[in-house]
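Residue numbers count from 1 along this sequence.
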Amino acid sequence: MSSAKATIGIIGGSGLYEMDGISNLESVEIDTPFGRPSDAVTVGALDGVPVAFLPRHGRGHRINPTNIPFRANVYALKTLGARCIISISAVGSLKEEFAPLDLVVPDQLIDRTRQRNSTFFDGEIVAHVSLSDPYCPAAGQVVSDEARGLGITVHPTGTLVVMEGPAFSTRAESFMYRSWGADIIGMTALPEAKLVREAQMCYATMAWVTDYDCWREETETVTTELVVQNLNRNVAASKKLLRRVVPRLNDLGDDCPCASALDTAIISSLADLSDVYKRKMAPLVGKYFDSAPKE
């Protein structure tokens, strides 16, 4: 069994399947109670910080958004010791001012997914985490600050609509999302954000704009070719930004509210859980087992 550990988890989105600059590389195959992650996890050090990198769609982009093993991905990074997850995503813009190649650091989400398991707590424990603010403000601030330092056009807040995919939106849907006040649209931030919150880790997203979705009729309709072209340019910027962001994320303390998201969320009694279920859930809620009252 590998003894690899990391404090920062990096989830690479479309186009980002490997990380440059990681030393002491180790490829770790992890099996979880929720299945296998999207791919092997690359563990090592990025400028001295222990990191774990996981390509969300698998290397070679093998997994479509609906079929991503979100629970296995987050669980695997948690078991490696990650306290903070930074994700990279490609998104479409729903507003004129959010231009292609801009970076958005979203602070809100609208869930339009329909076919995805969105909780770890579907067994003997019921937990209702707060998702009023689904992203970690401290982690998001780090990303925004460092992006400005690199001269990147960055929007430090934004509402991200997460749709099912893999097809892009209809024009009617695109106009509807605009009427809701949403800023960008993507396919992968949920249930990822919910699961990271349940796992009591900090979470921030680098959402790189690739296109104007299909509402902007004076531009060409969104195509895979257009998305991939801008993806490649955004990937290079992502790698530069990660080198600056990771050391600062490593300094975030355990006093962040994200680290105690389950303190008031668990409704179920923990006194009579089965041993099998306890082993399954220990990486997520093990610290609460010891304090559970005996009945």
Side-chain angles (χ1 to χ4, degrees), residues 4-13 16 19 21-24 41-54 56 70 73-89 103-109 120 129-150 152 154-158 160 189-190 192-208 237-265 283-288:
K5 290 294 180 182
T7 58
I8 306 297
I10 302 169
I11 298 179
L16 184 56
M19 268 297 301
I22 298 180
S23 59
N24 302 317
V41 183
T42 300
V43 181
L46 185 63
D47 295 334
V49 178
V51 298
F53 174 78
L54 177 62
R56 186 187 283 115
F70 290 100
N73 288 352
V74 174
Y75 190 99
L77 294 173
K78 178 70 173 182
T79 59
L80 287 169
R83 293 182 285 105
C84 180
I85 290 181
I86 180 76
S87 77
I88 296 88
S89 294
L103 173 64
V104 184
V105 185
D107 63 330
Q108 282 297 326
L109 294 167
F120 289 115
V129 295
S130 172
L131 212 69
S132 57
D133 296 297
Y135 288 98
C136 174
Q141 187 68 54
V142 168
V143 175
S144 297
D145 289 348
E146 295 304 327
R148 290 191 192 95
L150 287 174
I152 295 169
V154 58
H155 305 269
T157 61
L160 168 58
L190 289 167
E192 196 170 86
K194 294 180 180 180
L195 296 167
V196 173
R197 178 61 52 84
E198 288 186 345
Q200 303 186 105
M201 294 185 282
C202 299
Y203 184 63
T205 291
M206 296 180 189
W208 295 94
S238 293
K239 292 179 178 180
K240 290 181 181 178
L241 183 54
L242 282 167
R243 298 291 292 266
R244 297 181 60 139
V245 164
V246 164
R248 288 191 57 191
L249 292 179
N250 194 49
D251 292 335
L252 293 180
D254 291 332
D255 57 344
C256 180
C258 300
S260 55
L262 292 177
D263 282 5
T264 58
L284 304 175
V285 294
K287 69 179 182 180
Y288 300 101

Considering all heavy atoms of both residues, which atom of Val104 and which atom of Gly158 are nearest to each other, and what is their separation? CG1-CA, 4.3 Å
Under a 4.5 Å cut-off applied to non-hydrogen side-chain atoms, are Val74 and Glu198 in contact? no
Could you work out, with side-chain hydrogen bond (donor to acceptor under 3.5 Å, both in side chains) as the rule, every residue matching Ser132, not counting sequence neighbours? Ser130
Would you say the side chain of Cys258 lies within less than 4.5 Å of the side chain of Met201, judging by non-hydrogen atoms? no
Of all heavy-atom pairs linking Pro283 and Lys78, the shortest is O-CE, 3.3 Å
Would you name the heavy atoms of Leu284 and Ala199 that are closest together and state the gap between them? CD2-CB, 3.9 Å
Can any side-chain N or O of Ser23 pair as donor or acceptor with the backbone N or O of Ala45 at less than 3.5 Å? yes
Using the test side chain to side chain contact (heavy atoms under 4.5 Å, CB included), find all partners of Leu150 that sit at least two apart in sequence or belong to another chain. Ile152, Lys240, Leu241, Arg244
So which of Leu249, Val245, Val154 actually passes side-chain contact (heavy atoms from CB on, under 4.5 Å) with Glu146? Val245
Separation between CD1 of Ile22 and CZ of Arg243, rounded to the nearest 0.5 Å: 9.0 Å
For residues 131-150, the ring pair (Phe, Tyr, Trp, His ring centres under 6.0 Å) pairs (sequence neighbours left out) are Tyr135-Tyr203
Could you check whether any side-chain heavy atom of Cys84 comes within less than 4.5 Å of a side-chain heavy atom of Cys136, counting everything from C-beta outward? no
Is any side-chain heavy atom of Leu242 less than 4.5 Å from a side-chain heavy atom of Met206? yes
Which atom of Ala237 lies closest to which atom of Trp208, heavy atoms considered: CB-CH2, 3.5 Å
Check whether any side-chain heavy atom of Lys5 sits under 4.5 Å from a side-chain heavy atom of Val43, and report yes or no. no
Which heavy atom of Phe70 sits nearest a heavy atom of Leu190, and at what distance? CZ-O, 4.0 Å
Give the minimum heavy-atom separation between Ile88 and Ser238, together with the two atoms involved. CG2-OG, 3.7 Å
Applying side chain to side chain contact (heavy atoms under 4.5 Å, CB included), name anything that partners Asn250, two or more places apart in sequence or on another chain. Thr7, Ile8, Val49, Arg83
Output all residues satisfying side chain to side chain contact (heavy atoms under 4.5 Å, CB included) with Pro156, sequence neighbours left out; order by chain, then residue number. Ser144, Arg148
Working to the nearest 0.5 angstrom, can you tell me the gap between Asp263 CG and Gln200 CD? 6.5 Å
Quick one, Asp47 and Val246 - any side-chain contact, counting heavy atoms below 4.5 Å? no
Beyond-backbone contact of Leu77 with Ile11, side-chain heavy atoms, under 4.5 angstrom: yes
Identify, with sequence neighbours excluded, every residue that meets salt bridge (Lys or Arg N to Asp or Glu O under 4.0 Å) alongside Lys194. Asp111
